[in-house]
Amino acid sequence: MNSKLFKISLTAALSGFLFGFDTVVISGANLPIKELWNTSPWFHGTFIMSMALWGTVIGSLFGGIPCDRFGRKKTLFWIGILYAVSALGSAMAPDPYTFSFFRFIGGLGVGASSVAAPIYISEISSPNNRGQLGALYQFNLVLGILIAFISNFLLKGFDGTNDWRWMLGVEAIPAIIYTLMVFSIPNSPRWLILKRNDFEGAFKTLRLLVTEEEATSKIEEIKSFSPTSQKTEGLFSGRYKTPLILAFLIAFFNQLSGINFVLYYAPEILERAGLAAQESLFSSISIGVVNLIFTFVGVWLIDKLGRRQLMKIGSVGYIISLGMVAWCFFSGASSTLLLTFILIFIASHAVGQGAVIWVFISEIFPNKVRAFGQSWGTGTHWVFAALITLITPIFLDSESGIFKDNPWPIFVFFAGMMFLQLLFVLFMMPETKGVSLEELSKKLSQ
């Protein structure tokens, strides 16, 4: 693989590191903020803990607009600014309302990065390495989550009652570094041709990555699929019905696997299984480690086995592990056995959906509507993530939850949804491995 291509892709994928870090770092500020500002349960859940998630939903739904109008590179640059401003603003916030505002700003960065980074990487890579390079975004996301947990742990006791401010503010360091690094990456050659008619600039970018002959050939291929040679229907005109359905379903099933349910509520789930609070917290770290290891496995395999094969493996792993977690709760099996199957569930997600989703959505839309198509797919993902996060307490709350005594039916439901996902993979999902973006657009947009 071209070393310049790897470095450019890794730079863009670092927005995923900030995504993961920003999402989890709030866990260290949860209780201190509640005590400091004496927030009510409703206010705390809606404005302190969930405000970034609302920003993420909006950032993902509308992230395609700046990507399309100003370019992938400029959007990635401003995403870094959003992360840095959010980190510093949240750390210095004098009241809960200011804090909520800056957390919302960070959420916008998270949502926009899930649009801009995958499509940028897909547009500069080749069919042979597009999967591995695109999956770097997910790998960095998972790494960011793990580093946030470690950072919070190391900063505990650093400055007494202000520990939480340092936990949040430290994110500004990688955010500023990332923002400066974005200056060194080129614009997407496909965006330059389709939106700026800049063939010379596109050629210069491609020459960094491939030979002169390959660059010339690629420009001719992109030109043949430019708006002048295509109909100009919008995203929802009917021409792009197939990629719209595929993006919706893979994002829908991603969240209906229960992955965010398990990640966000892991300590509580494990305590229900009989682990003490300290043991459950330690076990939660093991979930993060397994997630990182098997995300690396997914990144390594995605261009070897293909997207469909990883999704098949992940789906079968989901069904078995979720079914066994449900059985463990139902039968009162040991907490060690339950934790084992939760870790298998995490591994199944990391190898399958975790590695595939951002790559797949960024591949299936034509150049002309890729930014808006990515917004459609990521927006679906985040809307369902928000809904599941909102309704989980209704089922899981220890005092008033529908399944407060035993949550086994929740895992049966998720296992059933993963059986439907397996059917989707077997009968609807196309293989995109080794196929150029232009050829995929020809196949999927009739």
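If you read the sequence from its start, that first residue is 1, and numbering goes on from there. Only a predicted model underlies this, so the values are computations on that prediction, with no experimental measurement involved.
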Ionic contact status for Arg307 with Glu363, cut-off 4.0 Å: yes

Just how far is it from atom CG of Leu256 to atom CG of Leu387, taken to the nearest 0.5 Å? 10.0 Å

Under a 4.5 Å cut-off applied to non-hydrogen side-chain atoms, are Thr161 and Leu36 in contact? no

Looking at Gln374 and Ser362, would you say the former's side chain and the latter's main chain have a donor-acceptor pair under 3.5 Å? yes

Quick one: do Leu154 and Ile150 satisfy side chain to side chain contact (heavy atoms under 4.5 Å, CB included)? Show the steps, please. CA-CA 6 Å; Leu154 293 176; Ile150 294 172; 4.0 Å; yes

Residue pairs passing the salt bridge (Lys or Arg N to Asp or Glu O under 4.0 Å) test where at least one lies in residues 39-61, sequence neighbours excluded: none

Do Leu53 and Val110 touch side chain to side chain, with heavy atoms closer than 4.5 Å? no

Ring centres under 6.0 Å, that's the criterion: do Phe99 and Phe104 meet it? no

Stepwise side chain to side chain contact (heavy atoms under 4.5 Å, CB included) check, Leu10 with Asn140: CA-CA 9 Å; Leu10 181 60; Asn140 275 281; 3.8 Å; yes

What closest approach, in Å, do Ala251 and Ile357 show between heavy atoms, and which atom pair accounts for it? CA-CD1, 4.0 Å

A quick test of your reading: do over 12 heavy atoms of other residues, nucleotides or ligands sit less than 6.0 Å from CZ of Arg196? yes

So do Asp198 and Ile193 actually touch side chain to side chain, heavy atoms under 4.5 Å? no

Check for a donor-acceptor pair, side chain of Asp95 on one end and backbone N or O of Thr98 on the other, with a separation under 3.5 Å. yes

More than 12 heavy atoms from other groups under 6.0 Å of CZ on Phe294: no

Do Val170 and Ile173 have side chains that approach each other closer than 4.5 Å (heavy atoms only, starting at C-beta)? yes

Roughly how far, to the nearest 0.5 Å, is NE2 of His381 from CG of Asn254? 4.0 Å

ring-ring contact (aromatic ring centres under 6.0 Å, His included) for Phe70 and Phe77? Distances and angles first, verdict last. CA-CA 11 Å; Phe70 306 115; Phe77 170 81; over 10 Å; no

Side chain to side chain donor-acceptor pair (under 3.5 Å) partner of Tyr137, chosen from Ser15, Ser114, Ser113: Ser113

For Arg130 and Lys433, indicate whether the former's side chain and the latter's backbone hold a donor-acceptor pair under 3.5 Å. no

Taking every non-hydrogen atom, the tightest pair across Ile124 and Pro189: CG2-CD, 3.9 Å

Could you tell me which residues satisfy ring-ring contact (aromatic ring centres under 6.0 Å, His included) with Phe139, sequence neighbours excluded, listed by chain and number? none

Distance from Phe296 atom CZ to Asn291 atom CG, nearest 0.5 Å? 14.5 Å

Describe, in one word, how the ring planes of Trp164 and Trp37 are oriented to each other, choosing from parallel (under 30°), tilted (30 to 60°) and perpendicular (over 60°). perpendicular

Are Arg370 and Asp68 close enough for a salt bridge, meaning some N to O gap below 4.0 Å? no

Please find out if less than 6.0 Å separates the ring center of Phe329 from that of Trp408. no

Taking the inter-plane angle between the rings of Trp376 and Phe236 on a 0 to 90° scale, is it parallel (under 30°), tilted (30 to 60°) or perpendicular (over 60°)? perpendicular

Parallel, tilted or perpendicular, judged at 30° and 60°: which one describes the rings of Phe414 and Phe411? perpendicular

Quick one: pull up CG in Asn152 and CD1 in Ile147 and give me the separation to the nearest 0.5 Å. 11.5 Å

Side chain to side chain contact (heavy atoms under 4.5 Å, CB included) for Leu76 and Ile185? Distances and angles first, verdict last. CA-CA 10 Å; Leu76 288 169; Ile185 68 174; 4.2 Å; yes

Could you pull out the closest heavy-atom pair between Leu133 and Phe6, with the gap in Å? CD2-CD1, 4.1 Å

Looking only at heavy atoms, the pair that brings Gly323 and Ala415 closest together is N-CB, 4.1 Å

What residues form a side chain to side chain donor-acceptor pair (under 3.5 Å) with Ser126, not counting sequence neighbours? Asn129

Indicate whether the side chain of Asp303 and that of Gln132 have a donor and an acceptor atom separated by less than 3.5 Å. no

Can you say whether the rings of Trp358 and Phe19 are parallel (under 30°), tilted (30 to 60°) or perpendicular (over 60°)? perpendicular

Using the salt bridge (Lys or Arg N to Asp or Glu O under 4.0 Å) criterion, which residues pair with Asp163? Sequence neighbours excluded. none

Taking Val210's backbone N and O only, do any of them form a donor-acceptor pair with Arg207's side chain (distance below 3.5 Å, no angle check)? yes

Closest non-hydrogen atoms of Leu208 and Lys4, given as atom of the first, atom of the second and distance, are O-CD, 3.7 Å

Between the main-chain N or O of Glu123 and the side-chain N or O of Ser188, is there a donor-acceptor pair closer than 3.5 Å? no

Side chains of Val369 and Pro366 in contact at under 4.5 Å (non-hydrogen atoms): yes

With rounding to the nearest 0.5 angstrom, report the CG to OG1 distance, Leu136 to Thr11. 10.5 Å

Nearest heavy atoms of Tyr120 and Asn187, plus distance in Å: CE1-C, 4.3 Å

Under 3.5 Å, which donor-acceptor pairs do the side chains of residues 340-351 form with other protein atoms, sequence neighbours left out?
| unit_1 | atom_1 | unit_2 | atom_2 | d |
| --- | --- | --- | --- | --- |
| Thr340 | OG1 | Thr336 | O | 2.9 |
| Ser348 | OG | Ile344 | O | 2.8 |
| His349 | ND1 | Tyr318 | OH | 2.6 |

Can you check whether Leu337 reaches Trp327 side chain to side chain, under 4.5 Å on heavy atoms? yes

Is the number of heavy atoms from other residues, nucleotides or ligands under 6.0 Å of Phe153 CZ greater than 12? no

Do side-chain atoms of Glu171 reach the backbone of Ala148 as a donor and acceptor pair under 3.5 angstrom? no

Go through the structure and list residues passing salt bridge (Lys or Arg N to Asp or Glu O under 4.0 Å) with Lys156, not counting sequence neighbours. none

With no hydrogens and no angle check, is any side-chain donor or acceptor of Asn2 less than 3.5 Å from a backbone partner on Leu209? yes

Hey, does Phe21 have a side-chain heavy atom less than 4.5 Å from the side chain of Pro174? no

Within the side chain of Lys74, is there an N or O that forms a donor-acceptor pair under 3.5 Å with the backbone of Pro66? no

Any side-chain heavy-atom pair of Thr23 and Ile145 under 4.5 Å: no

Is it the case that the side chains of Ser315 and Gln421 hold a donor-acceptor pair, with the cut-off being a distance below 3.5 Å and no angle test? yes

Output the distance between atom OG1 (Thr75) and atom CD1 (Ile119), rounded to the nearest 0.5 Å. 7.5 Å

Classify the ring geometry between Phe253 and Phe424 as parallel (under 30°), tilted (30 to 60°) or perpendicular (over 60°). tilted

Report the C-alpha separation of Phe261 and Gln255 in whole Å, then their side-chain angles, then the decisive distance to 0.1 Å, and conclude whether the side chain to side chain contact (heavy atoms under 4.5 Å, CB included) test is met. CA-CA 9 Å; Phe261 171 81; Gln255 287 304 301; over 6 Å; no

